[in-house]
**Q** 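Here you go, one structure.
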Amino acid sequence: MERNHMGALQLDREELTRLQELLSKEPLRIVLLAHTNPDGDAVGSALAWAHQLERLGHTVHLIAPNKYPYFLDWMPRIGEVIIHRQEPERAERLAEEADVIFCMDFNGIARLEALGEAIERNTSAVRVLIDHHLQPSEPYHIRFSHPESSSTAFLVYTLILELFGREYLTREIAECLYVGMMTDTGNFSFSFLTPALYRAVADLAETGIDIPTLHNSVYNAYSPQRARLFGYVIHRKMKFLKHNTVAYMSLTEEEMRRYYFQQGDSEGFVNYPLTVGKMKMSAMFLQHHTFIRISLRSRGDVDVNLFARRYFEGGGHKNAAGGKSYLSMEETIEKFKAAVEEFAAEGGLKGGSNNG
Ligand code: 5GP
Ligand code: MN
């Protein structure tokens with residue numbers, strides 16, 4: 001029977017040739033960048049790509065603006081990730097001296113915060129984008145921008161197959177790619193779940209990765225305080241609007257301290273309101289020192305990328321996006337409520353729920 005290639009990523013031939021030529025040069029100093037608050041896909045896709053580039057003989061450093069969540073601590077060679085906030089001089093020197101800079105899993109230098117300035121200072125590096133977010137904001141010398149991909153990890157998988165071949169998928173690379181695919185698809189439950197993605201997973205499984213262990217390492221490794229915080233947020237802080245079709249939650253710094261909050265503890269909270277039937281959009285407001293970080297999720301045609309761009313200086317994907325607010329928590333929530341009204345009045349909440 002013919003293989004069903006539905007959902008296979010169609011990579012641009014010219015861009016592939018350019019990347020191949022670039023990587024076949026003498027050993028290069030390569031920096032891979034991940035976005036602020038790096039998640040499973042940012043870290044997984046970058047680690048996998050780093051392993052591959054090192055095998056080609058290049059010197060590779062992976063830099064993230066701040067630390068990855070603790071439930072990724074076990075990932076192969078994650079200890080080598082350089083955290084800009086912890087080692088600013090080293091991170092900036094490497095960024096400034098790099099011959100090639102890969103931007104992995106983000107669509108704009110603005111998502112790098114202070115690290116972005118060091119990147120801007122390096123005007124000679126070849127810049128390559130490997131990403132699946134909508135509307136990249138800067139030009140790149142070589143660009144793989146695939147919003148139709150469920151994760152950047154699936155894009156890296158496709159790149160490895162196209163440029164090198166399936167035999168280059170080592171178990172270590174497969175573990176990293178699996179984590180990216182799993183986390184960005186909500187454990188294979190969101191959109192873009194194509195036959196090609198499951199074929200990719202089959203290829204990863206063939207390397208001998210232990211899928212239940214990978215799953216438990218990411219999703220079942222939280223602290224007891226995080227479990228209590230989750231209960232508190234759902235019980236006390238989840239609010240509904242628009243006849244239970246929009247939900248929002250918030251956490252102040254005082255509340256986070258009360259539950260010994262660690263970076264990553266609120267991961268996934270924003271998805272929970274979507275377990276309510278007919279829910280269309282969910283928002284989470286998380287206080288930081290100087291601003292409030294906003295996470296947005298939606299169903300179907302409700303476009304939170306648009307919502308985040310329009311009201312909260314952010315972006316992302318249609319059903320998962322984020323942004324920022326520099327107002328107080330109360331003012332941010334008031335702004336959100338007004339934005340929801342405006343968005344709904346314009347038809348933005350039409351056609352997006354599980355069950356009618
Ligand atoms: P999360 O809510 O998991 O932090 O982010 C959801 C999605 O939106 C991710 O794909 C993330 O990269 C994107 N995102 C989060 N915050 C921002 C932001 O401030 N700007 C943009 N452009 N994208 C964001
Ligand atoms: Mn991603």
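Values below: every heavy atom of this structure, side chains too, minus hydrogens, waters and symmetry copies. One-based numbering, in listed order, for ligands and for the atoms of each.
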**Q** Any donor and acceptor pair, going by atom type alone, linking the side chain of His51 with main-chain N or O of Ile173 inside 3.5 Å?
**A** no
**Q** Keeping His141 on the side-chain end and Arg127 on the backbone end, is there a donor-acceptor pair under 3.5 Å?
**A** yes
**Q** Are there any N/O pairs under 3.5 Å between ligand 1 and the protein, and if so, what are their distances?
**A**
from	atom 1	to	atom 2	distance (Å)
ligand 1	2 (O)	Ser295	OG	2.6
ligand 1	2 (O)	Arg297	NH1	3.0
ligand 1	2 (O)	Arg297	NH2	3.3
ligand 1	3 (O)	Arg297	NH2	2.9
ligand 1	4 (O)	Arg293	NH2	2.6
ligand 1	8 (O)	Gly322	N	3.4
ligand 1	10 (O)	His133	NE2	2.7
ligand 1	10 (O)	His317	NE2	3.1
ligand 1	12 (O)	Arg111	NH1	2.7
ligand 1	12 (O)	His133	NE2	2.9
ligand 1	23 (N)	Gly315	O	3.1

**Q** Hey, is CZ on Arg228 packed in by over 12 heavy atoms from elsewhere, all under 6.0 Å?
**A** no
**Q** Taking 2.8 Å as the upper limit, name the protein N, O or S atoms near the Mn ion (ligand 2).
**A** Asp41 OD2, Asp105 OD1, His132 NE2, Asp184 OD2
**Q** Flag the pair Phe336 / Phe285 as yes when their ring centroid distance falls below 6.0 Å, and as no otherwise.
**A** yes
**Q** If only atom types and distance count, is the side chain of Asn66 paired as donor or acceptor with the main-chain N or O of Arg85 below 3.5 Å?
**A** no
**Q** Can you list the residues that meet the side chain to side chain contact (heavy atoms under 4.5 Å, CB included) rule with Arg171, with sequence neighbours excluded?
**A**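 With sequence neighbours excluded, Arg171 shows a side chain to side chain contact (heavy atoms under 4.5 Å, CB included) to Glu175, Thr207, Ile209, Asp210, given in chain and number order.
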**Q** Name each donor-acceptor pair under 3.5 Å that joins a side chain in residues 265-273 to protein atoms two or more places apart or in another chain, with its distance.
**A**
from	atom 1	to	atom 2	distance (Å)
Asp265	OD1	Tyr70	OH	2.6
Asp265	OD2	Gln262	N	3.0
Asn271	OD1	Arg297	NE	3.3

**Q** Can any side-chain N or O of Asn107 pair as donor or acceptor with the backbone N or O of Leu134 at less than 3.5 Å?
**A**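 Pair found, side chain donor or acceptor close to backbone of Leu134.
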**Q** What about the rings of Tyr260 and Tyr222, do their centers lie closer together than 6.0 Å?
**A**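 Between Tyr260 and Tyr222, the centre distance exceeds or equals 6.0 Å.
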